[in-house]
Structures are given as C-alpha cells and as structure tokens.
Amino acid sequence: MRFSAHVVAICALTCLLTVAPALALGVASISLSSGTLPVTWSNAGTTDTYLVTDSGNALTVGGTMQTTAVSGSGSLTITSPATITGSHGAPLSPANISVTCSGTNVSGQTLVASKTPLVAGGSITCARYSAGFTSTTVSVTIHFFLNDQNIRVDTYLSSAAAFGIVATAS
Amino acid sequence: MTNPLRFARFAFAMLIAGCSCVAVSSANTVNFGVSITKKSTASISLSTSTFTWANITDSSTTSLAADNNSASANVTGSVLTTYSSGSGQISVTSPANIVGTGGGTLPINALQIQCTGTAQTGQTFNAASATALTASASTTCASYAAGYYTPISFKLLMFVDDSRFPADTYTSASGFALVASAT
C-alpha cells in the first residue's frame, strides 16, 4: 500500500513536470502599431474594383505570437459586421471591402489574404502560424480596397469597433 | 512524515489543474472602423452634336422627326442620387427664338423633344412623348428618384412643327444643352 502510493505520487509529479512544459500556453498578443483610424475612403467613385484608401492608409499590427510545439497553431483573422448603414439609410456590405495582408517573410508564418473580400457577418484569415511558431516581433500590414461600383450614394461610418483583427494561438 | 496517499492525491489534483490550464488558447483583438463617402454625381454624353432637318418640303407636319433621330441621338452616362433623400434630372435648355438667314423666325416652342428608352426603376421620362421646348428655359427630359444608380442609356429625339415658321434656313450652332444634375 505504502509502496504503490509512492509510485503514484512520483508518476504524477513526473507527468506534471514533464508534460506541462510541452503543453505551454499559446500566446497571441497584438496591438495597432501604425495606421490611421477609421479606414477612410472620402471620395468613392463608380468604376473602381479595388479603390485604395485615402493616402494609401494601411493598418499594421504587431506583437507576440507563440504556438504550442507539434500541436499548436495560430492565426490573424479579420471579422466584419453584417452590414454598415449610411447616414441616409443605405446598406453597404463589408464584402465590398477587400484586404491584402503583407509582411516580412518569416518561417512558420503564411500570409493568405491577397485582395480577399471581407465576409459580411463573418471573418477571413489574414495570416496563419504553424505549430511551434515563436516570435515577439510579429508584424503584419493590412491594405484595404473598396469596390465602389455598386455602392449607393451615402455617407457610411461604422462604429469604431465594428471590425476586428483577431489574433489567436493555441 | 508525509502521508504518501495524501501526497499522491495532491499530485493528481495538480496534474488535472495543470492539464486544464494548458487546454486554454490565447486570443487578442484590435478593433477598427471604416468611413466611406460616395457623393452624388451626374455625368452624361450625347452621341450627336447637331439635329438636322435638311429638306423640309411641307408646312403641315406638327412633329417632323430630325434626319438623325434614330441613328445617333443616344444619351449615356450616370446619374447617382443620394439614398432616400436625393433626386436627379436630365433637361434640355434652349436659347431664344432662332432667326433664319433670310430674317424668318423659328419659335423655339416649334421644336419638341422626346426621351425614350428601356424602363428603369427610379427613372421617369418626363418627355415620354413629343414635348415642346420653351425659349430661354429648360425642359425636363427625365428625372430620377433617390438612390438611383443604374447606368443611363436612352434616346433623345427631336421633332419640329413645320407649320409654325416661314421658309428659310435656320441654324443654331449653340444655345441648346443637355444638362444632368443630381443631389
């Protein structure tokens, strides 16, 4: 009885000390490092599929991304509201906005959005991170484009939190 | 002396707690908004610059079509009006009466316009049938409802009532205009 209890205790401690470090928490922590908010198009026309923002404004987010070895993964996604309503009531789908995600070529980081339309009420993936990815200096720049061809004449201003750049890691 | 059994239970509890913690992933969000302004605009073109009646031989036709009506009087472009509150229109502005080379007078209201084409929601042809022009004023050809954005494409036709002016040669190199506006 005494012997078996010791064995169990030793095994438990061994497991705790050896397995837990291998299953270290994924860490995703980003912040806006450059760019002007809100993302603005002040003079949308009628013929552009990919109208650049005023002054070519882009948003750059940076921070820490750490994924668990072997089994972990990480991502940067962009979430959108279902619709944006103009000051005169016109609806605008976020799907009229496309994004390109760019950054320094880093092993384990895959930038997957190239003029990819946002999904109304959903999300798109901007970047993916493989298992064991570890960096405290992740930096991704997001360029925005507007398809102005079918937008009704109106002034659209979303809330400051309508869209999100979400970093996750496991 | 430590009880091995209690110690084992403590170790198991720690293991379970540790495993519970490592199952949690990390997430962090940066929020942003967008601002988009699309302004009302009106931009049109007319495929001909001159309407011609080269050889009027009677004085009894109240709506004699211009020679080039069917061939080249196409109006194209865009009229974008503000959603829910805007409006737009395309009008023909006219000069004063036209004096012929021999001194005859062609009253502007002897000239008529007709605007015709495929029906579009939000587009109304105000001059759907031959409508007399007004000297030194404008005549509405088509009007547009709030939120209109369909590309413009219709025909502007002109007619003349040849019973209302004497034989002469009348030329107006300028003075007429097709004007589009939108709010």
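Proteins come first, then strands; the chains are lettered A, B, ... in the order of their sequence lines, and each starts at number 1. Just so it is clear, the model here is predicted, and its values are computed rather than measured.
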Looking only at heavy atoms and a cut-off of under 4.5 Å, which of [options] has the most pairs with chain B?
| options | result |
| --- | --- |
| A:L59, A:L157, A:V39 | A:V39 |
| A:G45, A:G72, A:P81, A:G86 | A:G45 |
| A:A162, A:G63, A:A160 | A:A160 |
| A:I165, A:V166, A:D154 | A:I165 |

Hydrogens and angles aside, do A:T168 and A:S75 bring a side-chain donor and acceptor to less than 3.5 Å of each other?
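There is such a pair (donor and acceptor under 3.5 Å, judged by atom type) between the side chains of A:T168 and A:S75.
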Got a donor-acceptor contact below 3.5 angstrom from the [X] side chain to the [Y] backbone?
| X | Y | value |
| --- | --- | --- |
| A:S98 | A:F145 | no |
| B:Q114 | B:A128 | yes |
| A:D54 | A:S42 | yes |
| A:T60 | A:S33 | no |

Heavy-atom proximity to chain A below 4.5 Å, by part of B:S78
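For B:S78, there is no contact with chain A at all, as no heavy atom is under 4.5 Å.
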In terms of heavy-atom proximity below 4.5 Å to chain A, should B:Y149 be classed as side chain, backbone, both, or neither?
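Contact with chain A is through the side chain of B:Y149 alone.
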Apply the hydrophobic cluster definition, ILVMFWY joined by side-chain contacts under 4.5 Å directly or through others, and give me every member besides B:Y83.
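Noted: B:Y83 shares its cluster with no other residue.
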Given a cutoff of under 4.5 Å between side-chain heavy atoms of I, L, V, M, F, W and Y, with clusters grown through shared members, what are the other residues clustered with B:L157?
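B:L157 clusters with B:F159.
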Contact class of [X] relative to chain B, heavy atoms under 4.5 angstrom:
| X | value |
| --- | --- |
| A:I151 | both |
| A:T40 | both |
| A:L76 | neither |

